[in-house]
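Lettering of chains follows the sequences in order, A, B, ..., and the numbering in each one begins at 1.
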Amino acid sequence: MDFYKRVTLVCQHIPEGRAATYGQIALLCGKPRNARQVGYALNRGLAGERAPAHRVVNAKGILSGAAAFESHDMQKLLLEQEGVAVAMTPDGWRVELKRFGWDHTLEDALWFRAEFEKRGI
DNA sequence: TACCTGACATAAT
DNA sequence: CATTATGCCAGGT
C-alpha cells in the first residue's frame, strides 16, 4: 500500500469550495491513525502539484499549513477565492467546518477503496 | 538502536 | 468554549 499515492488521489477529489481535515483524508486512505503523515506528504510535496493542499485543515478548521505556502496568506486567499470564508482567531485563520467541511459519503469511501485496489496503491 | 520532531486527533478536565 | 495529556507513526539524526 502506497499511502502517499492514496493521499494524492483523495486530495485531488476534495470538492472545490470545501475543506477536508487531515484525519478525514487519512481515514479515506485506509489509515485512520496517519493524520500526521498526511501533513508530512503535503509539506514535502509528495502529493504532487495537482493536489489542492489549500483545502486541507486540521480538526478545528485551522489553516495549520499556511506557513508552507509561498506567501503566508496564500492558503487563505485560495480558499476565499473559491467561496470559503476564513476568519482570524487567536489560533490562526479558521474555516467553519460546519459550513465548509467536506461531508464525504460512504459511497465516496467505497469508491476510493475500489480505486486503490484498481490502481494497486 | 534510541531519541526527536511534527501542515494531527481525541478524551479528559 | 480552552487547556492539557496521551496516543500516533513515518522520517530524520
Would you tabulate the nitrogen or oxygen pairs shorter than 3.5 Å linking the protein to nucleotides 9-12 of chain B?
from   : atom 1 : to     : atom 2 : distance (Å)
dA9(B) : OP1    : G23(A) : N      : 2.9
dA9(B) : OP2    : A59(A) : N      : 2.6

Can you measure from CG (N58(A)) to CG (D91(A)) and round to the nearest 0.5 angstrom? 8.5 Å
What distance separates N34(A) CG from L27(A) CG, expressed to the nearest 0.5 Å? 11.0 Å
How many whole angstroms separate atom CG of N43(A) from atom C1' of dG6(B)? 9 Å
Using a 4.0 Å cut-off on heavy atoms, which residues in residues 69-101 of chain A reach DNA chain B? List them by number, or say none. F69(A)
When the C1' atoms of dC8(C) and dT5(B) are compared, how many Å lie between them, rounded to an integer? 13 Å
Does the side chain of R6(A) reach to within under 4.5 Å of the side chain of D2(A), using non-hydrogen atoms? no
For R94(A), what residues pass the salt bridge (Lys or Arg N to Asp or Glu O under 4.0 Å) criterion, not counting sequence neighbours? none
Strictly under 4.0 angstrom, non-hydrogen atoms only: write out the protein contact profile of nucleotides 7-13 of chain C, one letter per nucleotide from the 5' end, B, S or -. BBBSSS-
Just call it for A53(A): base, sugar-phosphate, or nothing, with non-hydrogen atoms closer than 4.0 Å on any strand. base
Within this structure, what is the OG1-CD1 distance for the pair T8(A) and I25(A), rounded to the nearest 0.5 Å? 10.5 Å
For H13(A), check ring-ring contact (aromatic ring centres under 6.0 Å, His included) against everything at least two apart and list the hits. W111(A), F112(A)
If you compare all heavy atoms of P15(A) against all heavy atoms of R55(A), which two are closest, and at what distance to 0.1 Å? O-CD, 3.6 Å
Keeping to residues at least two apart or across chains, list the ring-ring contact (aromatic ring centres under 6.0 Å, His included) pairs with something in residues 42-70 of chain A. none
State, yes or no, whether a side-chain contact exists between L63(A) and L79(A) at a heavy-atom distance under 4.5 Å. yes
For the atom pair CG (D108(A)) and CD1 (I14(A)), what is the distance rounded to the nearest 0.5 Å? 11.5 Å
